[in-house]
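Beneath this line is the structure, given in structure tokens, with notes to follow.
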Amino acid sequence: MQKIINILSILSFLLISSSLVGTVIGYRYLTSPKFEKYLKNKIIGNIDNVLPDAIKGGMPKFTAPPSPISKPSISL
């Protein structure tokens, strides 16, 4: 019985250790300038592909006339 408990204890230690190491490595990668540059390039690339099509159909052909602005009345 003691051997089973020792094996489970070792497996538990390995599982927690690998989770901790994976979390630290993931955090360091996500906060690195290299990942930030990669993400910016990925987003800019997607915008470059979508933007020309979005601009073509986005401008209205007719707009309403401007609404009149009334002058504020100040009485002293």
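Because only heavy atoms are used, hydrogens play no part in the values below, and waters and symmetry mates are left out as well, while side chains stay in.
- No path of Ile, Leu, Val, Met, Phe, Trp and Tyr side chains, each step under 4.5 Å between heavy atoms, connects Leu14 with Leu20, placing them in separate hydrophobic clusters.
- Ser9 places no side-chain N or O within donor-acceptor distance of the main-chain N or O of Ile5, the cut-off being under 3.5 Å.
- Heavy-atom contacts from other residues, nucleotides or ligands closer than 6.0 Å to CZ of Phe35 number more than 12.
- Linking Ile, Leu, Val, Met, Phe, Trp and Tyr whenever their side-chain heavy atoms come within less than 4.5 Å leaves Ile7 and Phe13 in two separate clusters.
- Applying the 6.0 Å contact sphere to OH of Tyr29 captures more than 12 heavy atoms from other residues, nucleotides or ligands.
- Expressed to the nearest 0.5 Å, how far CD of Glu36 lies from CG of Asn41 amounts to 10.5 Å.
- When each of Leu8, Leu15, Ile16 is paired with Ser12, the side-chain contact (heavy atoms from CB on, under 4.5 Å) condition holds for Ile16 and for no other.
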